[in-house]
There are 2 protein chains.
Amino acid sequence: MDKYDGLKLENQLCFPLYSVSNLITRNYKPLLDALDLTYTQYIVMMVLWEKERVTEKQLGKQLFLKSNTLTLLLQKLSDKGYVSVAKDESDARYVVITLTETGKKLKDRAVDVPPSIAKTINLSADEAVYLYKILYKILEENKDEKV
Amino acid sequence: MDKYDGLKLENQLCFPLYSVSNLITRNYKPLLDALDLTYTQYIVMMVLWEKERVTEKQLGKQLFLKSNTLTLLLQKLSDKGYVSVAKDESDARYVVITLTETGKKLKDRAVDVPPSIAKTINLSADEAVYLYKILYKILEENKDEKV
DNA sequence: AAAAAATAAATCGCATACGATATAATTTGC
DNA sequence: GCAAATTATATCGTATGCGATTTATTTTTT
């Protein structure tokens, strides 16, 4: 035990978080390629599949992303024909994103993705629930700092 | 409960993993800026602070990264004067990375980083240990697929 | 030992993420 | 009612990460 122990890779919590996150994105890739989506595009679509109309601002809040990531990404989803992007009529500062018909249909092709990913993670129900709770605890605590 | 439940954002385990990982990288940024390191560069330095000489291959295995990420990153660390990069004499396929004197000294300036980050995460010891174990379980199970 | 296979890096093209800054639209304060 | 402050996007520059491919080197096979 010396003053450098905190700098050992094996004592980091952040490193496995970072690595697991990368790992999962890698696992998603072949599944999402079939839908012509990246992982970030996929979570945007997930929001829209639940709520057909959102502003860029709302998306950012829910996904912890900002315009520097979202603006270009939404343009790409628009280019693919999955969403339409327009200014809000009553307040032109807002960008409103809505699902196109193609985007709505994509939902049916996406239903197989979550179970496929679940297989690659392979946690017990208890572990998954606990992990879920801890992660959201961390997110909740840091929520304010970034808006 | 319908067939689309699996596609709800709130039912994803991957999304909070991804978001927490991004969050942590954001929290590291101001701390690491002072050391002129990015997060990925920082974990490479952590490996080297424990083991003064490693090959790019070994680094990739330990950090779950490949040459497409590492080659350029190591060049940057070399440009900053923190490491030196050279071909292995006995087998020129390998790239060997060693700490420079500057790189060694950086370790003393880095000791404050882990406790600062720990504050922003704010988990109990039990939670941290449990989280750690689950994450490494996931990493272990997926280790083989990517080398 | 020459050809073939294997291995480790390097390179390419693409899509994030980030802070910082700029722009455009609306609201607020006086 | 108009200048100032606020708000929501857009833009810029930098650094990853990824799969796919290429290059360089070594080992294996015949």
Side-chain angles (χ1 to χ4, degrees), chain A residues 15 18-34 36-44 54-61 63-80 85-97 142 145-147, chain B residues 15 18-34 36-44 54-61 63-80 85-97 142 145-147:
Chain A
F15 168 65
Y18 156 91
S19 294
V20 167
S21 177
N22 286 346
L23 169 66
I24 290 173
T25 304
R26 275 197 301 276
N27 286 349
Y28 268 108
K29 187 158 197 317
L31 299 171
L32 295 181
D33 277 351
D36 193 19
L37 290 174
T38 64
Y39 181 69
T40 316
Q41 289 167 10
Y42 171 66
I43 61 176
V44 168
V54 288
T55 63
E56 186 172 327
K57 170 82 174 170
Q58 289 172 315
L59 265 182
K61 187 166 185 176
L63 301 178
F64 306 100
L65 295 171
K66 297 216 193 108
S67 68
N68 48 14
T69 299
L70 285 172
T71 298
L72 181 57
L73 184 150
L74 292 170
Q75 188 53 58
K76 283 176 188 160
L77 284 177
S78 172
D79 292 347
K80 293 177 202 214
V85 175
K87 289 284 182 184
D88 186 318
E89 289 183 10
S90 63
D91 187 337
R93 285 174 301 183
Y94 289 90
V95 161
V96 177
I97 303 102
N142 286 272
E145 294 176 26
K146 76 174 76 62
V147 179
Chain B
F15 168 65
Y18 156 91
S19 295
V20 168
S21 177
N22 286 346
L23 169 66
I24 291 173
T25 303
R26 274 198 301 274
N27 286 349
Y28 267 109
K29 187 157 198 316
L31 300 171
L32 295 180
D33 278 350
D36 194 19
L37 291 174
T38 64
Y39 180 70
T40 316
Q41 290 168 9
Y42 171 66
I43 61 176
V44 167
V54 288
T55 63
E56 186 171 328
K57 171 82 175 169
Q58 290 172 313
L59 264 182
K61 187 165 184 176
L63 301 179
F64 306 99
L65 296 171
K66 298 218 190 106
S67 67
N68 47 15
T69 299
L70 285 172
T71 298
L72 180 59
L73 184 150
L74 291 170
Q75 189 52 57
K76 284 176 188 160
L77 284 177
S78 173
D79 292 345
K80 294 177 200 209
V85 176
K87 288 283 181 185
D88 187 319
E89 288 182 10
S90 64
D91 187 337
R93 285 174 301 184
Y94 289 90
V95 161
V96 177
I97 303 101
N142 286 271
E145 295 176 24
K146 77 173 74 62
V147 180

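Protein chains get the first letters and strands the later ones, always in sequence-line order, with residue 1 at the start of each.
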Within a strict 4.5 Å, meaning less than it, do heavy atoms of the B:I43 and A:Y18 side chains meet?
yes
DNA chain C nearest-nucleotide lookup for A:D88 and A:T69: closer to the 5′ end is A:T69
Whole angstroms only, please: what is the CG-P distance between B:L65 and D:dA15?
16 Å
In Å, rounded to the nearest 0.5 Å, how long is the span from CG of A:L74 to CG of A:D79?
11.0 Å
How about A:V96 and A:K87: do any of their side-chain heavy atoms sit closer than 4.5 Å?
no
Under 4.0 Å between any heavy atoms, over every strand shown, what does A:T25 touch: base, sugar-phosphate, or nothing? Just pick one.
nothing
Hey, does B:Y18 reach any base, or is it just sugar-phosphate, or nothing, if we go heavy atoms under 4.0 Å?
sugar-phosphate
Rounded to 10°, the helix from C:dA1-D:dT30 to C:dC30-D:dG1 deviates from straight, judged by its five-pair end axes, by 10°
So, do B:T40 and B:L65 sit near enough that their side-chain heavy atoms are less than 4.5 Å apart?
yes
B:N22 near the nucleic acid: base, sugar-phosphate alone, or nothing, with a heavy-atom cut-off under 4.0 Å?
sugar-phosphate
Do A:T71 and A:E56 have a side chain donor and acceptor closer than 3.5 Å?
yes
Rounded distance (Å) that lies between atom P of D:dA8 and atom CG of A:L59
14 Å
From OH of A:Y39 over to C1' of D:dT16, roughly how many Å is that when rounded to an integer?
18 Å
Please classify the nucleic acid contact of A:S67 as base, sugar-phosphate, or nothing, using heavy-atom distances under 4.0 Å.
base
Considering heavy-atom distances to DNA chain D, does B:D91 or B:K80 have its closest nucleotide positioned more toward the 5' end?
B:K80
Starting at atom CG of B:D33, determine the distance to atom C1' of D:dT14, rounded to an integer number of angstrom.
11 Å
Can you tell me how far apart CG (B:L70) and CG (B:L59) are? Round to the nearest 0.5 Å.
6.0 Å
Quickly work out the B:L70 CG to D:dT16 P distance and round it to whole Å.
10 Å
Please classify the nucleic acid contact of A:L73 as base, sugar-phosphate, or nothing, using heavy-atom distances under 4.0 Å.
sugar-phosphate
Tell me, do B:L77 and B:L37 make a side-chain contact under 4.5 Å, heavy atoms counted?
yes
Is any side-chain heavy atom of B:F15 closer than 4.5 Å to one of A:F64?
yes
I need the CG-P distance between A:L72 and D:dA10, as an integer number of Å.
10 Å
Sugar-phosphate, base or nothing in reach of A:N68, heavy atoms under 4.0 Å
base
note: A:R93, atom CZ; D:dT6, atom P; distance rounded to Å ~ 13 Å
D:dT16 phosphate, OP1 or OP2, under 4.0 Å from B:Q41 side-chain N/O:
yes
Once you apply a heavy-atom cut-off of 4.0 Å, does B:T40 come out as touching a base, just sugar-phosphate, or nothing?
sugar-phosphate
Below the 4.0 Å mark, does D:dT7 have OP1 or OP2 next to a side-chain nitrogen or oxygen of A:K57?
no
Opening and closing nucleotides of DNA chain C in contact with chain B, under 4.0 Å to non-hydrogen atoms:
C:dT7 to C:dG19
Using atom CD1 of A:I24 as one end and atom P of D:dG17 as the other, report the distance to the nearest whole Å.
15 Å
